[in-house]
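Encoded as structure tokens, the structure appears first; notes follow it.
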There are 2 protein chains.
Amino acid sequence: MADKYQCLKLDNQLCFPLYAVSKEIVRKYKPFLDEVDLTYTQYIVMMVVWEDEKVSVKEMGKKLFLDSGTLTPVLKTLEKKGLIERTRSKEDERNLIVTLTPSGKALKDKAVDIPAKMGGCLNISPDDAMELHIILHRIMETL
Amino acid sequence: MADKYQCLKLDNQLCFPLYAVSKEIVRKYKPFLDEVDLTYTQYIVMMVVWEDEKVSVKEMGKKLFLDSGTLTPVLKTLEKKGLIERTRSKEDERNLIVTLTPSGKALKDKAVDIPAKMGGCLNISPDDAMELHIILHRIMETL
DNA sequence: TATAATTGAATTGTACACAATCTATTTTGA
DNA sequence: TCAAAATAGATTGTGTACAATTCAATTATA
């Protein structure tokens, strides 16, 4: 008869491998991110600004699934580094608008190699990558 | 011609969906973990102790991919809650051995429902779950 | 139209995560 | 055998995450 605690084993969980793989990949990123002097969180924030050029904290939070409690200090750090600017919207002073500085824009060219370098580390088949992508998107929709 | 910055878009990354899904699932866990008064990290630590009954910090770190900098404070918290005991090994005083208290053992019966409750939230097909599990394990091996 | 409700960020407090360093204990090897 | 190397945890410092609260600006409504 099956152990009634079987479900409590780490190996049988779905969440734990996700949690562990996610953390380990971020750790693998570190040497490449060090080259551009960004943490992983700072990197994904920059990815949003690189793509949009002009974003409110609210919009950014929706894209990254992060709230102002996390974003405010990260954005202040990136501003101190001279990569972005934070200004209140004139139409609605509640909105804080994030824009790229020339220095932030320049960094985009240095960052462009990072995804490929990471891919090289991962050693995952294109099929697996595609499949994983699809499943993760499906999960995200249900959440 | 394709945008040379295409690779820098969040949607085209593999790491970001992993990071986001992992965080969102942990957040979904929260109401169920609140019922047993554990955080997610405390929960996975307890899962190791429930399975092994007697583990060193080193072994636990290997299973959870966490170092002593993370585990030491978590273990101290769990000790304060009366769920575990921390004692130095007599054979080798460098090793700290974690064991279950009766109260910690009793909690296992309350926790046994959590994985099923979570599964109910997730709404993922058994096929997807299996496939995801396999891919994540394959990635973990290459890391 | 004044006030209440809502909204978007910032702040506060708690809890990880992890690199780097430190300390005590054990093991090695000249 | 005894000093050097290795090992296991603890500590320190930085940077997220996130819930809960606060605050200022805007919108809705009685």
Side-chain angles (χ1 to χ4, degrees), chain A residues 15-16 18-31 33-34 37-46 55-81 84 86-98 143, chain B residues 15-16 18-31 33-34 37-46 55-81 84 86-98 143:
Chain A
C15 183
F16 177 69
L18 274 168
Y19 159 87
V21 167
S22 158
K23 272 193 316 129
E24 290 308 302
I25 294 185
V26 169
R27 197 207 303 261
K28 278 275 176 185
Y29 258 99
K30 195 171 180 303
L33 290 177
D34 281 348
D37 189 31
L38 292 175
T39 65
Y40 181 70
T41 311
Q42 291 165 10
Y43 172 62
I44 58 175
V45 165
M46 287 308 295
V55 211
S56 72
V57 173
K58 174 87 181 181
E59 290 172 274
M60 183 175 280
K62 260 187 212 155
K63 293 190 183 203
L64 298 178
F65 306 94
L66 295 171
D67 69 6
S68 68
T70 303
L71 288 176
T72 297
V74 174
L75 292 171
K76 282 183 179 175
T77 305
L78 291 173
E79 189 178 42
K80 254 182 224 149
K81 292 189 185 189
I84 60 166
R86 299 161 64 246
T87 39
R88 291 281 165 182
S89 162
K90 269 158 211 155
E91 297 88 57
D92 186 339
E93 294 250 347
R94 286 172 304 184
N95 293 295
L96 189 145
I97 307 298
V98 178
L143 290 175
Chain B
C15 183
F16 177 69
L18 273 168
Y19 159 86
V21 167
S22 159
K23 271 192 317 128
E24 291 308 300
I25 293 184
V26 169
R27 197 207 303 260
K28 278 274 176 186
Y29 257 100
K30 196 172 181 299
L33 291 177
D34 282 347
D37 189 32
L38 292 175
T39 64
Y40 181 70
T41 311
Q42 291 165 11
Y43 172 62
I44 59 175
V45 165
M46 287 309 294
V55 210
S56 72
V57 173
K58 173 89 181 179
E59 290 172 274
M60 183 175 280
K62 259 187 213 154
K63 293 190 182 200
L64 298 179
F65 306 94
L66 294 172
D67 68 7
S68 69
T70 302
L71 287 175
T72 297
V74 173
L75 292 171
K76 283 183 177 174
T77 305
L78 291 172
E79 189 178 42
K80 255 182 222 148
K81 292 190 185 189
I84 60 165
R86 298 161 65 246
T87 39
R88 291 280 167 184
S89 161
K90 268 157 211 156
E91 297 89 56
D92 186 340
E93 295 250 348
R94 287 172 304 182
N95 293 296
L96 189 146
I97 307 297
V98 178
L143 291 175

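Proteins get letters first, then strands, A, B, ... in listed order; numbering begins at 1 in each. Note that the structure is predicted; figures quoted are calculated from it, not measured.
In this structure, the nucleotide among D:dA17, D:dA10, D:dT26 sitting nearest to the side chain of B:Lys76 is D:dA10. Side chain of B:Lys30, nearest nucleotide from C:dA9, D:dA19, D:dA25: D:dA19. Listed candidates were D:dA8, C:dA10, D:dG9. Nearest to the side chain of B:Arg94 is D:dA8. The side chain of A:Lys58 lies closest to C:dG8 when the candidates are C:dT25, C:dG8, D:dT11. Of the listed nucleotides (C:dA19, D:dG9, D:dC18), D:dG9 has the atom at the smallest distance from the side chain of B:Leu96. Closest contact between the side chain of A:Asp67 and the listed nucleotides D:dC18, C:dC18, D:dA25 involves D:dC18. The side chain of B:Arg88 approaches D:dA10 more closely than any other nucleotide in the set D:dA17, D:dA10, D:dT16. Here D:dC18 is the nucleotide among C:dA17, C:dC18, D:dC18 with the atom lying nearest to any side-chain atom of B:Lys23.
Remark: P of C:dT14 and CG of B:Leu38 are 19 Å apart, rounded to the nearest angstrom. In this structure, A:Phe16 places its CZ atom 11 Å from P of C:dA17, rounding to the nearest Å. In this structure, CG of B:Leu33 is placed 14 Å from P of C:dA15, rounded to the nearest angstrom. In this structure, CG of B:Leu75 is placed 10 Å from P of C:dC16, rounded to the nearest angstrom. One can place CD of B:Glu79 at 14 Å from C1' of D:dG9, the figure rounded to the nearest angstrom. At whole-Å resolution of the value, CG in A:Asp37 and P in D:dT14 are 15 Å apart. Regarding B:Asp34, its CG atom lies at a distance of 16 Å from the P atom of C:dT14, rounded to whole Å. In this structure, A:Leu66 atom CG and C:dA10 atom P are separated by 14 Å, rounded to whole Å.
Contacts of B:Ser56 with the nucleic acid, taken as non-hydrogen atoms under 4.0 Å apart, involve only primed sugar atoms and P, OP1 or OP2.
OP1 or OP2 of D:dT14 has not a single side-chain nitrogen or oxygen of A:Thr39 nearer than 4.0 Å. Close to C:dG8, at under 4.0 Å from its OP1 or OP2, lies no side-chain N or O of A:Thr72. When the side-chain nitrogen and oxygen atoms of B:Tyr40 are compared with OP1 and OP2 of D:dA17, none of them lie within a distance under 4.0 Å. When the side-chain nitrogen and oxygen atoms of A:Asn95 are compared with OP1 and OP2 of C:dA9, one or more of them lie within a distance under 4.0 Å. Dashed line: the shortest gap from a side-chain N or O of B:Thr41 to OP1 or OP2 of C:dC16 is under 4.0 Å.
A 4.5 Å side-chain heavy-atom check between A:Gln42 and A:Asp37 finds every atom pair outside the cut-off. Side-chain contact between B:Leu18 and A:Leu18: present, with at least one pair of heavy atoms (C-beta onward) separated by less than 4.5 Å. Using a 4.5 Å cut-off on side-chain heavy atoms (C-beta onward), B:Thr41 and B:Leu66 make contact.
Under a 4.0 Å N-O distance rule, the pair A:Glu59/A:Lys62 does not qualify as a salt bridge. Ion pairing of B:Lys76 with B:Glu79 is absent here, as no side-chain N (NZ or NE/NH1/NH2) approaches a carboxylate O to less than 4.0 Å.
If you find the closest nucleotide of DNA chain C to A:Asp92 and to B:Gln42, the one lying nearer the 5' end belongs to A:Asp92. Position along DNA chain C of the nearest nucleotide to A:Tyr19 versus B:Lys90 favours A:Tyr19 as the more 5'-ward residue. Between A:Pro73 and B:Ile97, the residue whose closest nucleotide on DNA chain D is further toward the 5' end is B:Ile97. Of the two residues contacting DNA chain D, namely A:Glu93 and A:Phe65, the nearest-nucleotide position lying further toward the 5' end is that of A:Phe65.
The ring-ring contact (aromatic ring centres under 6.0 Å, His included) test with B:Tyr19 is passed by exactly one of A:Tyr43, A:Tyr40, A:Tyr19: A:Tyr40.
Side-chain atoms of A:Ser68 come within donor-acceptor range of the base of C:dA10, with a qualifying N/O pair under 3.5 Å.
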#### Entry: Working for side chain to side chain contact (heavy atoms under 4.5 Å, CB included), residues B:Phe65 and A:Phe16
CA-CA 11 Å; B:Phe65 306 94; A:Phe16 177 69; 4.2 Å; yes
